[in-house]
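I have a structure here, written as structure tokens, and I will follow up with some questions on it.
Ligands are counted one by one from 1 in listed order, and the atoms in each one are counted from 1 as well.
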Amino acid sequence: MLADLVAGALEDAAERQKSRGLDQVEAAALAAPPALDALSFLAPADRVKIIAEVKRASPSRGALATIADPAALAARYAAGGASAISVLTEQRKFQGSLADLEAVRAAVDVPVLRKDFIATDYQVLEARAAGADLVLLIVAALDQPTLTHLHALITELGMTPLVETHDAVEVSRAVDLGARLVGVNARNLSTFELDRDLFGRLADRIPSGTIKVAESAVSTAGDVDHYRSSGADVVLVGEALVTGDDPVATLKEFLSV
Ligand SMILES: O=P(O)(O)OC[C@@H](O)[C@@H](O)c1c[nH]c2ccccc12
């Protein structure tokens with residue numbers, strides 16, 4: 001369940017905070033090289049754009065892939081034409097880490113997203129200190145004051161929030177924030193059910209001028225085409241890339257729709 005994922009991520013962050021305090025992480029965040037302007041990399045274009053994800057496992061699918069070298073995988077994603085790289089940093093169910101994010105950051109010139117269950121300033125500062133350019137905010141996991149606060153903090157640090165939604169109420173909450181980058185996750189993070197048509201049903205509620213991201217459930221180029229024809233500017237793909245033999249070829253195929 002989403003609440004358990006958030007609680008676990010917060011426990012892990014509290015553990016890290018014992019050895020690296022808030023002040024230290026804040027200093028590292030402020031000293032890091034500036035974030036890339038993710039909005040320009042992801043701006044709507046005459047072709048679909050892809051955020052390619054480094055994902056070892058998930059609570060719904062279990063182990064997906066042995067990724068010994070996340071930096072090498074991310075470099076292949078970039079070579080295949082990915083406009084940004086998503087790195088799962090959640091440890092318990094996704095087997096990720098901030099070390100993965102740091103390694104990816106050093107290997108590519110495109111923006112890097114910290115994909116985790118973010119609910120505190122500490123986690124946002126850690127993301128920036130590790131070199132993240134984008135941070136995921138899951139609307140369903142946060143009350144509106146916290147969402148507003150974290151959205152502002154991410155922006156102040158020069159990063160771009162990717163605001164993830166799963167229903168019409170969440171989309172209006174994202175719009176109220178003034179979010180420039182809004183995602184619709186086909187997977188319900190409480191039941192793990194997939195709905196490939198959800199993006200198409202919600203897309204019209206996202207104002208023009210906002211970059212629209214369709215997240216999850218892409219296994220074929222036909223799925224990318226489906227999202228694109230429903231109005232997606234960007235598609236976020238994980239499993240299909242980590243489980244296939246040739247991510248460069250898969251990305252090229254997906255980008256040609
Ligand atoms: O592996 P998929 O179905 O291509 O999905 C990727 C990505 O959308 C998914 O990992 C994801 C979307 N939102 C999340 C929030 C937390 C963890 C993971 C996710």
Side-chain angles (χ1 to χ4, degrees), residues 1-10 12 42 48-65 67 70 73-74 77 80 82-97 100-101 104 112-119 123 127 132 134-142 147 150 161-167 170-171 174 181-199 202 212-224 226-227 232-244 247 250-251 253-254:
M1 243 185 68
L2 181 56
D4 303 317
L5 289 164
V6 177
L10 288 179
D12 291 344
L42 298 173
V48 71
K49 293 187 176 177
I50 292 183
I51 303 176
E53 186 157 280
V54 176
K55 185 180 196 180
R56 291 196 174 85
S58 74
S60 56
R61 309 279 287 126
L64 293 170
I67 301 171
L73 179 62
Y77 286 165
S83 295
I85 313 293
S86 167
V87 182
L88 253 321
T89 58
E90 196 277 346
Q91 318 171 18
R92 297 182 179 206
K93 297 289 181 183
F94 293 88
Q95 295 173 25
S97 67
D100 284 354
L101 193 143
V104 167
V112 177
L113 165 70
R114 179 176 188 191
K115 184 68 106 54
D116 207 322
F117 298 87
I118 302 290
Q123 293 168 297
L134 296 132
V135 176
L136 186 75
L137 290 178
I138 302 170
V139 173
L142 300 165
L147 187 61
L150 294 173
L162 168 55
V163 182
E164 177 173 305
T165 65
H166 190 70
D167 62 30
E170 291 178 14
V171 171
L181 184 64
V182 173
V184 175
N185 191 359
R187 191 179 297 279
N188 180 319
L189 289 171
S190 290
T191 62
F192 299 132
E193 272 165 44
L194 280 180
D195 179 355
R196 282 190 173 80
D197 297 319
L198 184 65
F199 177 85
L202 296 180
K212 300 176 189 177
V213 185
E215 302 177 46
S216 307
V218 167
S219 53
T220 66
D223 297 327
V224 178
H226 176 63
Y227 278 146
D233 301 304
V234 180
V235 174
L236 200 158
V237 188
E239 182 172 339
L241 295 172
V242 297
T243 58
T250 307
L251 276 167
E253 194 198 334
F254 287 0

(message) I need the minimum non-hydrogen distance between E215 and G183, along with the two atoms involved.
(response) OE2-CA, 3.3 Å
(message) Using a 4.0 Å heavy-atom cut-off, which part of E164 comes near ligand 1: side chain, backbone, both, or neither?
(response)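 The side chain, only.
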(request) If you have a sec, work out which protein heavy atom is nearest atom 8 (O) of ligand 1 and how many Å separate them, to one decimal? (result)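 The closest one turns out to be S216 OG, 2.7 Å.
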(request) Check ligand 1 against N185 and write out every atom of the ligand that is under 4.0 Å from a heavy-atom position of the residue. (result)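 Atoms satisfying the 4.0 Å criterion: 12 (C), 13 (N), 14 (C).
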(request) Name the closest protein heavy atom to atom 4 (O) of ligand 1, giving the residue it belongs to and the distance to 0.1 Å. (result) G238 N, 2.8 Å
(message) Heavy atom to atom 11 (C) of ligand 1, shortest distance: which of E53, K93, K115, R187 holds it?
(response) K115
(request) Could you tell me which non-hydrogen atom of L194 sits nearest to which non-hydrogen atom of A217, and how far apart they are? (result) CD2-CB, 3.8 Å
(request) Assess L136 for proximity to ligand 1: is some non-hydrogen atom of it under 4.0 Å away? (result)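 For ligand 1, residue contact (heavy atoms, under 4.0 Å) with L136 is present.
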(request) Quick one: pull up CG in L236 and CD1 in I51 and give me the separation to the nearest 0.5 Å. (result)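 One finds 4.5 Å between CG of L236 and CD1 of I51.
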(request) State the atoms of ligand 1, each with its element, that fall below the 4.0 Å cut-off from a heavy-atom position in V237. (result)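 The atoms of ligand 1 under 4.0 Å from a heavy atom of V237 are 4 (O).
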(message) Give me the nearest non-hydrogen protein atom to atom 16 (C) of ligand 1 as residue plus atom name, then the distance to 0.1 Å.
(response)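 Checking every protein heavy atom, the shortest distance to atom 16 (C) of ligand 1 gives F117 CZ, 3.5 Å.
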(message) Only heavy atoms of K55, strictly under 4.0 Å: list the atoms of ligand 1 that pass.
(response) 1 (O), 2 (P), 5 (O), 6 (C), 9 (C), 10 (O)
(message) Which of the numbered atoms in ligand 1 are under 4.0 angstrom from any heavy atom belonging to L236?
(response) 6 (C), 7 (C), 8 (O)
(message) Applying the side chain to side chain contact (heavy atoms under 4.5 Å, CB included) criterion to T165, which one of L198, V213, N185, V184 satisfies it?
(response) V184
(message) Looking at every heavy atom in both V182 and A174, which two are closest together, and how far apart are they?
(response)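 So the two residues come closest at CG2-CB, 4.1 Å.
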(request) Working to the nearest 0.5 Å, report the span between CD of E90 and NZ of K115. (result)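 The distance works out to 11.5 Å.
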(request) Would you mind telling me if ligand 1 is within reach of the side chain of S58, the backbone, both or neither, using heavy atoms under 4.0 Å? (result) neither
(request) Identify the protein heavy atom lying closest to atom 3 (O) of ligand 1, giving its residue, its atom name and the separation to 0.1 Å. (result)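 Ranked first by proximity to atom 3 (O) of ligand 1 is A217 N, 3.0 Å.
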(message) I need the nearest protein heavy-atom contact for atom 17 (C) of ligand 1: residue, atom name and distance, please.
(response)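 It is F94 CZ, 3.5 Å.
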(message) With heavy-atom distances below 4.5 Å as the criterion, would you say the side chains of L137 and I118 are in contact?
(response)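 Yes, side chains in contact.
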(request) Heavy-atom contacts with E239 under 4.0 Å: which atoms of ligand 1 show up? List them by number with element. (result)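 So the answer, numbered in order with elements, is 1 (O), 2 (P), 4 (O).
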(request) Can you see which heavy atom on A127 is nearest to which on R114, and at what distance? (result)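 Where A127 meets R114 most closely, the heavy atoms are CB-CD, 3.6 Å.
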(request) Using a 4.0 Å heavy-atom cut-off, say whether L5 meets ligand 1 through its side chain, its backbone, both or neither. (result) neither
(request) If the plane angle is over 60° it's perpendicular, under 30° parallel, otherwise tilted; pick one for F199 and Y227. (result) perpendicular
(request) Measure across A84 and L42 and return the closest heavy-atom pair with its distance rounded to 0.1 Å. (result)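 Looks like CB-CD2, 4.2 Å.
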